[in-house]
Number of protein chains: 2
Amino acid sequence: MGRHREFDADEALHIALQVFRRRGYEGTSISDLTDAMGITRPSLYAAFGNKEDLFRRTLDLYERRHLCFAHEALQAPTAREAVERLLRGYVDVLTDPLSPPGCLGVNGAVACSEASEPIREELIARRIVNENNLRNRLEKARADGDLPANEDPADWARYVVSIGLGMAVKAASGASRQELHRVADFAMRSWPTA
Amino acid sequence: MGRHREFDADEALHIALQVFRRRGYEGTSISDLTDAMGITRPSLYAAFGNKEDLFRRTLDLYERRHLCFAHEALQAPTAREAVERLLRGYVDVLTDPLSPPGCLGVNGAVACSEASEPIREELIARRIVNENNLRNRLEKARADGDLPANEDPADWARYVVSIGLGMAVKAASGASRQELHRVADFAMRSWPTA
DNA sequence: CTGTTACTATACTGATTGGTATGATATGCG
DNA sequence: CGCATATCATACCAATCAGTATAGTAACAG
């Protein structure tokens with residue numbers, strides 16, 4: 001069966017997540033990762049493939065461990081509550097005191113070299129999934145009479161996602177949790193009254 | 001007096017702006033720049049200093065040539081109009097068909113390696129200036145009775161800037177001008193009614 | 001115990017990074 | 001013209017990039 005791995009792969013992945021979240025995909029070197037994880041380069045490549053593979057695995061872990069609130073938020077009884085829970089939950093993730101500020105999905109890559117385009121596109125694709133999930137929830141709400149018929153679910157989803165992305169950049173720039181909740185307050189003021 | 005420069009420094013700077021705006025600060029290599037500008041490395045360093053200096057000069061050019069609408073927007077007769085002009089003007093810059101989508105100030109750097117931290121901090125500092133300019137305008141509006149006394153100018157400025165940053169990321173991800181104007185529509189719905 | 005297997009450690013690869021030394025070339029001044 | 005000066009082109013620098021070859025080591029199967 002061979003020699004056993006001397007490090008905890010799951011723990012190492014959590015550390016990689018922290019490094020990528022702070023420095024972005026291109027801003028993180030393999031040496032940054034191995035130093036933080038306390039393992040050697042061959043161990044990293046043996047356990048996680050190449051840099052792209054590792055980043056995608058950290059993305060999966062991030063969604064599973066930090067963005068899991070979104071799934072529950074969408075199940076709130078009303079659309080308004082679902083949107084508000086999404087925004088509030090995201091603010092708390094963006095300003096988690098135990099992690100670098102901001103969002104892995106935004107800090108990871110906004111603009112990058114041609115070599116990293118696949119990662120940038122992966123992040124865009126995942127954001128589209130999230131926006132579509134919200135849009136579907138709002139379409140259901142409109143069918144149920146929970147959202148006025150003249151409100152466009154696609155427009156609403158795009159707006160909420162835009163607010164989220166803006167708060168993510170703001171968080172990465174040093175905005176406090178309290179400040180971002182104030183932004184969420186203002187965002188909710190757009191919600192239709194009665 | 002010596003040999004004359006064989007290229008137009010201002011034109012070269014415009015090209016550098018396009019490259020940085022598309023690839024970000026870290027995603028752009030000196031070779032990317034010299035290839036696009038059609039000059040050699042020593043010419044670039046002689047004319048613009050080092051990479052950081054060049055990027056700061058492209059930032060100045062960008063603000064002067066693309067963000068100049070903001071100054072005029074703030075002089076609109078009402079605060080509401082000023083905010084709306086800021087958002088509309090920014091959307092048009094973000095989706096300028098002659099430039100890479102998004103904003104140099106956001107695409108430039110959101111998260112980066114330690115080596116590029118000075119650039120990231122410079123971008124944050126410039127965003128703070130913009131937010132403060134808007135806040136000052138809104139404080140004046142409140143003093144004039146143009147903005148209700150219970151509306152906080154700092155909160156409003158933070159919200160508007162967040163919307164802008166979110167639209168910038170959205171634009172860099174491929175959102176259309178029309179889609180972003182719909183986001184601006186929703187943002188303006190938060191404005192207090194009478 | 002031996003053999004096989006999978007890990008770790010060291011050292012290395014070629015390519016690319018930002019930045020420069022050097023020598024040729026072109027310009028203006030006297 | 002001839003000198004001074006500034007730009008140009010080539011070729012280079014050390015450092016770092018992502019990724020790997022090789023050899024040593026630890027664990028299980030038999």
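All chains are named by letter (A, B, ...) in the order of the sequence lines, taking the proteins before the strands, and each is independently numbered beginning at 1.
- Counting any heavy atom pair closer than 4.0 Å across all strands shown, B/Thr28 reaches sugar-phosphate atoms only and no base atom.
- Salt bridge absent: A/Asp185 and A/Arg189 never bring a charged side-chain N and a carboxylate O closer than 4.0 Å.
- Residue B/Ser29 has a polar side-chain atom (N or O) positioned under 4.0 Å from OP1 or OP2 of C/dT17.
- Note that CG of A/Asp146 is 5.5 Å distant from OG1 of A/Thr78, once rounded to the nearest 0.5 Å.
- Annotation for A/Ser176 and A/Glu179: closest pair N-OE1, 2.9 Å, computed over non-hydrogen atoms.
- Nucleotide C/dT17 holds its P atom 10 Å from the CD atom of A/Glu26, rounded to whole Å.
- Both tests pass for B/Arg5 against the ring of B/Phe7: distance under 6.0 Å to the centre and angle within 45° of the axis.
- Only B/Arg3, B/His4, listed by number, bring a heavy atom of residues 3-12 of chain B to less than 4.0 angstrom from any atom of DNA chain C.
- Taking OH of A/Tyr159 as the reference point, atom CG of A/Asp152 lies at 14.5 Å (rounded to 0.5 Å).
- Between the CZ atom of A/Phe55 and the C1' atom of D/dG19 there is a distance of 19 Å, rounded to whole Å.
- Between A/Glu117 and B/Arg23 there is a salt bridge, with a side-chain nitrogen of the basic residue lying less than 4.0 Å from a carboxylate oxygen of the acidic one.
- Rounded to an integer number of Å, the gap from CG of A/Leu54 to P of D/dG19 is 10 Å.
- Heavy-atom distances under 4.0 Å link DNA chain D to A/Arg41, A/Pro42, A/Tyr45, A/Asn50, A/Lys51 of residues 41-53 of chain A, given in residue order.
- Following rounding to the nearest Å, A/Ile39 (CD1) and C/dT10 (C1') show an atom-to-atom distance of 16 Å.
- Classification of A/Arg22 and A/Asp32 as a salt-bridged pair fails, no side-chain N sitting under 4.0 Å from a carboxylate O.
- In this structure, a donor-acceptor pair under 3.5 Å is absent between the side chains of A/His71 and A/Asn133.
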